[in-house]
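Remember, it's 1-based here, ligands and their atoms both numbered in the order they're listed. Excluded from the calculations below are hydrogen atoms, water molecules and symmetry mates; all remaining heavy atoms, backbone and side chain alike, are included.
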Amino acid sequence: MPDIRFPNNFIWGAATASYQIEGAHAEDGKGESIWDHFSHIPGKITSNDNGDIACDHYHRYEEDVKIMKDLGLKYYRFSISWSRIFPDGKGSPNQKGIDFYKRLTNLLLENGIKPAITLYHWDLPQQLQYRGGWGNRDTADYFEQYAGYIFNQLGEYVPMWITHNEPHISSIISYWDGRHAPGYTDFPLALRACHHLLLSHGKAVQLYRSLGYKGEIGITLDLNPMYPASDTDKDKKATIRADGYENRWFADPVLKGKYPEDMVKWYESRTTLPEIKPGDMETISTPIDFLGINHYMPHTIKHDPSVWPANYAKLLTGRPLTNMDWEIYPEGSYDLLTRLHRDYNGIKLIITENGAAFTDIVNRKGEVDDDNRLDYLYGYLQQMNRAIKDGVNLAGYFVWSLMDNFEWGHGYSKRFGIVYIDFKTRQRIIKKSGHWYANVIKNNGFDLV
Ligand code: FCB
């Protein structure tokens, strides 16, 4: 029996996203997505990289499923490229697009791996962006239509669905910070985009329920614990705001049916809030089966009135960093999970992403000894296990990522995989962390060292 043991039937998986791995960006009738569009604008992505080929998973999925099988994955989380299915975002479906996901789903099932599908991992069809993207309320209806089509095609075979990946990123970071596609810097628009994203989530959940499928459906939020930089009142208040701005603004509507009052009040005097139509909040808070959490790092918060709109800044505190300059603090995952359990009624939680970027080197034996990534996973899994022991309903864990891939604005410069990709030859090599993770899955836990 391993020292650190997980509950029976714990969901062990690895995650990816369509734009980050598939490539084949204009093949078999696929339409352009906002990430195809954005990444081709010079200067937006490190080294002007793009996802035209990425890991070439579209052509190499058979090899990739074999790797998953070798790793012993129980689940594989991937996302569907909306513009592969509906090149214009709506209208008639592209048969070749859905065929790809059917082939992938079948192959996974044949190999005993359960598919966990994310409907939206940021690659909106560019044609819908021309109509205002998530700033346009109609996009929520188009999303519902797209979701309905996918449920009809795959609903019978897929046990786990995630409507959206990190709406905080696809609204605030994409429409206000401008670092992600479509690259806007308009805060009221970002709040509108957020409202429509959440609305589309609720519509898809309602639709899924009405179709009577037996799988589970939820949403994935990027959630991180926030700690004040000092004991001062100002920093403590700023920390509550940071939590409101990044965490509660997304979790509260979905799980409590309302935007957090302190933040609504804060924004009222500073910006324009989105229009909320009657019934919206009920739709958004349609009960879900689990809350997906993407968690990577802690945040340390300092009051800073120069930062609009929420008047806070983030500090590094000297903890070790990953290659993203994200602090490594496994205890933060314990704090986060216990807090979510407490504040959101013991809802079932699933870690849908956790992992670390480091510089990897292929050694002379052709191996990648990524002890730093292994240590990261070891530390975080230990703390998550501690949360389970303390009563948190954590049902699963997906490592980010199955393989090195296109890391958005950073292009190919940040490697998160437990499988190494040589981006010249597209050769795959299971890293040391991958072999370690395979053993964790096999033993449903691990020994302390
Ligand atoms: C998350 C994204 C995922 C990946 C990791 C590192 O925010 O969901 O696609 O980029 O960060």
Side-chain angles (χ1 to χ4, degrees), residues 13-23 33-36 38-39 44-46 49-51 54-55 57 76-82 116-124 162-177 179-181 194 197 201 218-225 246-247 250-251 291-299 314 321-328 332-333 336 350-360 370 372-373 376-377 380 397-419 421 431 433:
T16 62
S18 47
Y19 189 70
Q20 295 181 275
I21 64 163
E22 285 179 359
S33 80
I34 57 174
W35 270 95
D36 290 312
F38 188 73
S39 65
K44 294 293 184 195
I45 313 291
T46 303
D49 287 343
N50 60 55
C55 307
H57 170 76
Y76 170 51
R77 174 181 177 227
F78 62 97
S79 79
I80 291 185
S81 158
W82 183 344
I117 295 186
T118 310
L119 289 169
Y120 188 76
H121 201 124
W122 308 346
D123 42 358
L124 186 77
I162 294 160
T163 53
H164 280 279
N165 181 71
E166 305 187 354
H168 161 241
I169 306 293
S170 39
S171 59
I172 303 294
I173 304 298
S174 306
Y175 284 81
W176 165 232
D177 280 13
R179 280 186 279 136
H180 277 220
C194 167
L197 280 156
H201 152 77
I219 187 170
T220 280
L221 304 179
D222 48 316
L223 300 171
N224 296 303
E246 297 185 30
N247 295 332
F250 303 87
L291 174 67
I293 303 162
N294 292 353
H295 168 62
Y296 290 90
M297 69 206 120
H299 291 313
K314 291 175 182 167
L321 299 172
T322 70
N323 206 17
M324 298 286 279
D325 285 342
W326 293 350
E327 284 193 337
I328 303 173
S333 67
L336 175 72
I350 296 178
I351 296 286
T352 42
E353 286 181 27
N354 172 248
F358 289 107
T359 311
D360 293 316
D370 57 338
N372 35 20
R373 186 172 293 100
Y376 178 100
L377 300 177
Y380 275 79
Y397 177 90
F398 289 78
V399 66
W400 183 270
S401 175
L402 174 66
M403 55 184 131
D404 296 337
N405 58 47
F406 176 83
E407 177 48 35
W408 309 113
H410 300 283
Y412 296 100
S413 68
K414 308 289 176 192
R415 294 178 174 273
F416 274 91
I418 55 170
V419 175
I421 305 271
K431 300 178 193 176
S433 61

H121: heavy atom below 4.0 Å from ligand 1, yes or no? yes

Would you check the N or O atoms of E407, main chain and side chain alike, for any that come under 3.5 Å of an N or O of ligand 1? yes

Can you see whether S174 engages H180 through a side-chain donor-acceptor pair at a distance of less than 3.5 angstrom? no

Closest to atom 3 (C) of ligand 1 among protein heavy atoms sits E353 OE1, 3.3 Å

Considering only NZ, NE, NH1 and NH2 on the basic side and carboxylate oxygens on the acidic side, decide whether R415 and E407 come within less than 4.0 Å. no

shortest atom 5 (C) of ligand 1-to-protein heavy-atom contact is with Y296 OH, 3.2 Å

I want to know if ligand 1 touches W326 in the polar sense, i.e. an N/O pair below 3.5 angstrom. no

Under 3.5 Å between any N/O of W122 and any N/O of ligand 1: does that happen in this structure? no

What part of I169, side chain from CB on, backbone N/CA/C/O, both or neither, has a heavy atom under 4.0 Å from ligand 1? neither

Less than 4.0 Å between a side-chain N and a carboxylate O, is that true for D49 and K44? no

Under 4.0 Å, heavy atoms only, figure out whether ligand 1 is touched by the backbone of E166, its side chain, both or neither. side chain

Salt bridge or not between E246 and K314? Use side-chain N to carboxylate O under 4.0 Å. yes

